[in-house]
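Read the structure below first, then the notes.
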Number of protein chains: 2
Amino acid sequence: MKLRHVVLFGFGKAHSSAAIAEVIRRFAELKALVPGIDDFEWGENSSPEGLDHGHSHVFLLTFANARARDAYLVHPDHAAFANWIQPFVSAVTVLDYWVESEAPVVSGDASSSSVP
Amino acid sequence: MKLRHVVLFGFGKAHSSAAIAEVIRRFAELKALVPGIDDFEWGENSSPEGLDHGHSHVFLLTFANARARDAYLVHPDHAAFANWIQPFVSAVTVLDYWVESEAPVVSGDASSSSVP
C-alpha cells in the first residue's frame, strides 16, 4: 500500500519567484532529511479549469505506511520548515490517502443510473 | 514527462456512502471511456492535520501530455460526469502539474538562509 500526502500551496502576491523557489528547495530537501519519504514530486499548477482556489503549487509525497507519515509530521526538520513557510503561504490544503486503483463495490442498487 | 491532474472533492453531508461510492465508480470508469488517461488512483482523506478545507476525497489522474489532458477535459463522457456530480459535491479543487522531482535552481543568493 502507498500513502500519499498531497500538499497544495498558494503564495502571496508579494513573494518573488526566488522566494517561491526557495520554498520548493527546502520542501524537496526534506526527502533527504526525514526518513520514510519514499517519493517526492512537485509542480506548478497549469490547470485551465480555474478551480485552484488560490493554490499554485502541488507537492506529492509518498509513504509506505502511516507510521512513516506520522514520524514525518512531527520530525523537527518538517516542523521547522512548516514554521518557516508561514509568512509566505496564503493558502495551504493537505489531504492524505491510501492509494486505491479500483472503485469501491457499490452495494444494492446504488449502481443503477437512478442513484444517487 | 508526466502531467498530473489532481482533483479534490468534498461531499455534502446529506449524501450517503452509496452515493459517494457511485461518484467514485463513475470517475474510475472514465479511465476506460476516455483515451489518454495513463493512470488513475483515488483515496479517502486520512490526514490528521485538519487542512482539508472540506474535501474528503482525492483523485489523481496522469496524462502523458497536455493534448491528452485537454482532450479529456472536453470529452463527452467527462463532461457528462462533471455535470452529473454537481448536486453531490460541496467542494471541488483541481490543479494540474508537470511532475518535477528536483527543486528549481535558485539563482543569486536566494538560497542563503536570509532569503526570502
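None of these values were measured; they are calculated from a predicted model. All values below were derived from every heavy atom in this structure, side-chain atoms included, with hydrogens, water molecules and symmetry-related copies excluded. Letters A, B, ... are given to chains in the order of the sequence lines, protein chains preceding strands, and every chain is numbered from 1.
- In the hydrophobic cluster analysis, where Ile, Leu, Val, Met, Phe, Trp and Tyr join through side-chain heavy atoms closer than 4.5 angstrom, B/Val94 is grouped apart from A/Val6.
- Only the side chain of B/His53 has a heavy atom closer than 4.5 Å to any heavy atom of chain A.
- To the nearest 0.5 Å, atom CG of residue A/Asp52 and atom OG1 of residue B/Thr93 are 8.0 Å apart.
- Surrounding CD of B/Glu102 are at most 12 heavy atoms belonging to other residues, nucleotides or ligands under 6.0 Å away.
- A/Phe9 and B/Leu95 end up in different hydrophobic clusters when Ile, Leu, Val, Met, Phe, Trp and Tyr side chains are linked at under 4.5 Å.
- At a heavy-atom separation below 4.5 angstrom, chain A is approached by B/Gly43, B/Glu44, B/Asn45, B/Ser46, B/Ser47, B/Pro48, B/Glu49 within residues 43-50 of chain B.
- Cluster membership for B/Phe40 and B/Leu30, using ILVMFWY side-chain heavy atoms within less than 4.5 angstrom, is shared.
- Residues forming a ring pair (Phe, Tyr, Trp, His ring centres under 6.0 Å) with A/Phe81 (at least two apart in sequence, or on another chain): A/Phe27.
- Only the side chain of B/His5 comes within contact range of chain A, with heavy atoms under 4.5 Å apart.
- If you chain together hydrophobic residues whose side chains sit under 4.5 Å apart, A/Val58 and B/Leu51 never meet in one group.
- Here the CH2 atom belonging to A/Trp98 is positioned 13.0 Å from the CD atom belonging to B/Glu41, to the nearest 0.5 angstrom.
- To the nearest 0.5 Å, the span separating CZ on A/Arg4 from CH2 on B/Trp42 amounts to 14.5 Å.
- For chain B, the nearby parts of A/Ala21 are the backbone and the side chain; heavy atoms of each come within less than 4.5 Å.
- Looking at B/Val99, the atoms closer than 4.5 Å to chain A (heavy atoms on both sides) sit in the backbone and in the side chain alike.
- Of the atoms belonging to A/Val92, heavy atoms from both backbone and side chain fall under 4.5 Å from chain B.
- Residues of residues 59-77 of chain B lying under 4.5 angstrom from chain A, judged on non-hydrogen atoms, are B/Leu60, B/Arg69, B/Leu73 by number.
- Judged as a side chain to side chain donor-acceptor pair (under 3.5 Å), and not counting sequence neighbours, A/Ser56 has no contacts.
- Both the backbone and the side chain of B/Ala103 come within less than 4.5 Å of a heavy atom of chain A.
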**Q.** Audit row: A/Leu8, B/Leu8, side-chain contact (heavy atoms from CB on, under 4.5 Å) steps and yes/no
**A.** CA-CA 11 Å; A/Leu8 311 182; B/Leu8 311 182; 3.7 Å; yes

